[in-house]
Amino acid sequence: MVDMHGVGVRTPDVLIIGAGAAGLMAAFTAAQKGKQVIVIDHSPEIGRKILISGGGRCNFTNRDIKPERFISQNKHFARSALSRYKPADFLSLVEKHRIPWHEKKLGQLFCDNSAQDILSVLLAECSAAGVRLFTDVRVREISRSDKFRVETSRGTFLSPALVLATGGLSIPKIGATGFAYDVAKHFGLPIVTPEPALVPFVFGGMDQGWMHELAGVSLPVKASCGKMAFEEALLFTHRGLSGPALLQISSYWHAGEPIRLDLLPGQNAEQLVGGLKATKGKMRGPAALGRWLPQRLAQEMARQHVPDRPVVEWPDKTIRALAASLHRLDIYPTGTEGFAKAEVTRGGVDTRALSSKTMQAESVPGLYIIGEAVDVTGWLGGYNFHWAWASGHAAGTAI
Ligand code: FDA
């Protein structure tokens, strides 16, 4: 068969669009079962997101993967794939290739050397299983009769199984696109509105003013939004707030809602300040609060919440109000830094249209959607790669 470019029409058993984490996992899993697999990607380089992940060391999974640590409008969807591909499964792959790794904190597993090691594992598995990879390929049109027909800048592909693994919208400058959403819509599948997640917050007006002055200051906090709370570090930035606690809570935040901060989690601010009144009554606000908070933040909290007089002169009601603010500081972000800075995309192809066992679209036999493109978003800490591995494995096994 010859296509309009004069190139032979390629007819793999499986065509995967997107050579990222999920696509490569699905590719070698299907190829190991004897399927002929082709993966195409529009980028000239493969796995760019893997290479920049985890500060260049790729936090490739987490020991404590639990379904409730994944956000989706279809709460239980991730359970099936996660139960069939565990952190130990990916770890055994890493160890098979003798990649040195370490556990950092909270179950997060990282490469000792470089994220390139993870990409090399995936590419080695693809190569050993006979997967063919084509980079720099533009998809022009997709249609379906008895097979999927994919017209591209490198010719025509005809395949009974099509896997969409093109990820979400985060970091467009390294090639993220809404391609999977467009193809899903073309086939009549619903989309949960994609939004930036694991993303720093920005603030306006006076809040932005005082936060800007504290850029670079970091401290352990408890950040909550609705019923969710994370106890980890907060980092002040020039535009607002970041750090793991705030990135985590951003995945649960919706525009207009407040974020509640406890700046002294696990402590009793009223007792601490009250105690100072008895023992160090001559101290003023910045020095007093500087016993528990970073100095620049202590100065700011003192400026906002206490009189410029020695602690001994502070009325009890001032101490109570200060303590309340330290434990329950409600702040209203004006937004986030958006997809340009978001680590992942919340939302995506609505999982209610997919089989949780195979990732196949219920209404379009042969169409599979995996990884970040679907409405499953993991916590910070290796959860999103684990979703890419688990969903890629589920589809690769089922095809
Ligand atoms: P992924 O984005 O990996 O791959 C999609 C592929 O599709 C890309 O190769 C892209 O070029 C291709 N593509 C896109 N549009 C296309 C089109 N129109 N035509 C053809 N090809 C197209 N997670 C984690 O668990 N631990 C971590 O340490 C980090 N660190 C991290 C750092 C940073 C800076 C970011 C931005 C993200 C992370 N993540 C992370 C998140 C993690 O990288 C992400 O969830 C996975 O890479 C998603 O895997 P996918 O395979 O679904 O998409």
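Starting from 1, each residue takes its place in the sequence as its number. The shown structure was predicted, so the numbers you read here are calculated from the model rather than taken from an experiment.
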Chemist: Please report the shortest heavy-atom distance between Ile370 and Gly23, naming the atom on each side.
Modeler: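 For Ile370 and Gly23, the tightest heavy-atom pair comes out as CD1-N, 4.1 Å.
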
Chemist: If the plane angle is over 60° it's perpendicular, under 30° parallel, otherwise tilted; pick one for Phe90 and Phe60.
Modeler: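 Geometry flag for Phe60 against Phe90: tilted rings.
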
Chemist: In terms of side-chain geometry, is the basic nitrogen of Glu232 or Lys105 positioned less than 4.0 Å from the acidic oxygen of its partner?
Modeler: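 Yes, charged N to carboxylate O under 4.0 Å.
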
Chemist: What is the minimum heavy-atom distance between Gly396 and Thr29, and which atoms define it?
Modeler: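 Closest approach of Gly396 to Thr29: C-CG2, 3.7 Å.
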
Chemist: With a 4.5 Å cut-off on side-chain heavy atoms, are Leu326 and Leu272 touching?
Modeler: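 No, side chains not in contact.
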
Chemist: Side chains of Gln73 and Arg352 only: does a donor on one sit below 3.5 Å from an acceptor on the other?
Modeler: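 Checked: Gln73/Arg352 side chains pair up, N/O donor to acceptor below 3.5 Å.
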
Chemist: Which value, rounded to the nearest 0.5 Å, describes the distance between Phe148 atom CZ and Leu367 atom CG?
Modeler: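 With rounding to 0.5 Å, CZ (Phe148) is 5.0 Å from CG (Leu367).
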
Chemist: Is Asp262 salt-bridged to Arg328, cutoff N-O under 4.0 Å?
Modeler: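 So Asp262 does not pair with Arg328 through a salt bridge.
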
Chemist: Counting C-beta onward and ignoring hydrogens, is there a side-chain heavy-atom pair between Cys111 and Ile118 closer than 4.5 Å?
Modeler: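 Yes, at least one pair of side-chain atoms sits under 4.5 Å.
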
Chemist: With heavy-atom distances below 4.5 Å as the criterion, would you say the side chains of Val137 and His42 are in contact?
Modeler: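 Of all side-chain heavy-atom pairs linking His42 with Val137, none is under 4.5 Å.
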
Chemist: To the nearest 0.5 Å, what is the distance between CG (Leu322) and CD (Glu270)?
Modeler: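 CD of Glu270 is found 9.5 Å from CG of Leu322.
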
Chemist: Is the shortest heavy-atom distance from the side chain of Leu293 to the side chain of Met301 under 4.5 Å?
Modeler: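 They are in contact (side-chain heavy atoms under 4.5 Å apart), so the answer is yes.
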
Chemist: Does Glu125 pair with Lys96 as a salt bridge, N-O distance under 4.0 Å?
Modeler: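 Yes.
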
Chemist: Quick one: do Ser83 and Arg79 satisfy side chain to side chain donor-acceptor pair (under 3.5 Å)? Show the steps, please.
Modeler: CA-CA 6 Å; Ser83 72; Arg79 200 170 281 275; over 6 Å; no

Chemist: Crowded around Arg138 CZ? As in, over 12 foreign heavy atoms under 6.0 Å?
Modeler: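 Count over threshold, so yes.
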
Chemist: Leu198 and Gly378: which non-hydrogen atoms are nearest, and at how many Å?
Modeler: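 Looks like CD1-O, 4.0 Å.
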
Chemist: List the steps and the verdict of side chain to side chain contact (heavy atoms under 4.5 Å, CB included) for Val14 and Gln36.
Modeler: CA-CA 6 Å; Val14 187; Gln36 287 189 358; over 6 Å; no

Chemist: Which heavy atom of Gly371 sits nearest to which heavy atom of Ala22, and what is that distance?
Modeler: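 Looks like CA-CB, 3.7 Å.
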
Chemist: Identify the two heavy atoms, one from Thr237 and one from Ser242, that lie closest to each other, and give their separation to 0.1 Å.
Modeler: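 Scanning both residues, the minimum pair turns out to be CG2-CB, 3.7 Å.
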
Chemist: Please work out which of the three classes, parallel, tilted or perpendicular, describes the rings of Tyr252 and Phe230, given edges at 30° and 60°.
Modeler: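 Plane angle between 30° and 60°, so tilted.
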
Chemist: Can you tell if the side chain of Arg140 reaches within under 4.5 Å of the side chain of Thr152, non-hydrogen atoms only?
Modeler: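 Arg140 vs Thr152: side chains apart.
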
Chemist: Could you check if a side-chain atom of Gln299 sits within less than 4.5 angstrom of a side-chain atom of Pro294, using non-hydrogen atoms only?
Modeler: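 No, their side chains stay 4.5 Å or more apart.
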
Chemist: Does the plane of the ring in Phe134 sit parallel, tilted or perpendicular to the ring in Phe157? Use 30° and 60° as the thresholds.
Modeler: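 Taking Phe157 first and then Phe134, their aromatic rings stand perpendicular (interplane angle over 60°).
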
Chemist: Evaluate the side-chain proximity of Val39 to Ile46: yes if any heavy-atom separation is below 4.5 Å, no if none is.
Modeler: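 No, side chains not in contact.
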
Chemist: Search all heavy atoms of Ala298 against all heavy atoms of Pro286 and return the closest pair with its distance.
Modeler: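 Looks like CB-O, 3.6 Å.
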
Chemist: Check ring-ring contact (aromatic ring centres under 6.0 Å, His included) between His97 and all other residues, then give those that pass, not counting sequence neighbours.
Modeler: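 For His97, no residue satisfies ring-ring contact (aromatic ring centres under 6.0 Å, His included) once neighbours in sequence are set aside.
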
Chemist: Calculate, to the nearest 0.5 Å, the distance between atoms OG and CD1 belonging to Ser120 and Ile99 respectively.
Modeler: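 One gets 6.5 Å once the value is rounded to the nearest 0.5 Å.
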
Chemist: Decide whether Gln360 and Ser355 meet the rule of one side-chain donor and one side-chain acceptor closer than 3.5 Å.
Modeler: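 Checked: Gln360/Ser355 side chains show no N/O donor-acceptor pair below 3.5 Å.
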
Chemist: First locate atom CZ of Arg48, then atom CD of Glu45, and finally report the distance between them rounded to the nearest 0.5 Å.
Modeler: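 CD of Glu45 is found 5.0 Å from CZ of Arg48.
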
Chemist: If you round to the nearest 0.5 Å, how far is CG of Leu24 from CH2 of Trp389?
Modeler: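 Those atoms lie 8.0 Å apart.
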
Chemist: Does a donor on one side chain sit under 3.5 Å from an acceptor on the other, for Arg149 and Ser145?
Modeler: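 Side-chain D/A pair, Arg149 to Ser145: absent.
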
Chemist: How about Phe236 and His212: do any of their side-chain heavy atoms sit closer than 4.5 Å?
Modeler: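 Side chain of Phe236 against side chain of His212, heavy atoms only: no contact under 4.5 Å found.
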
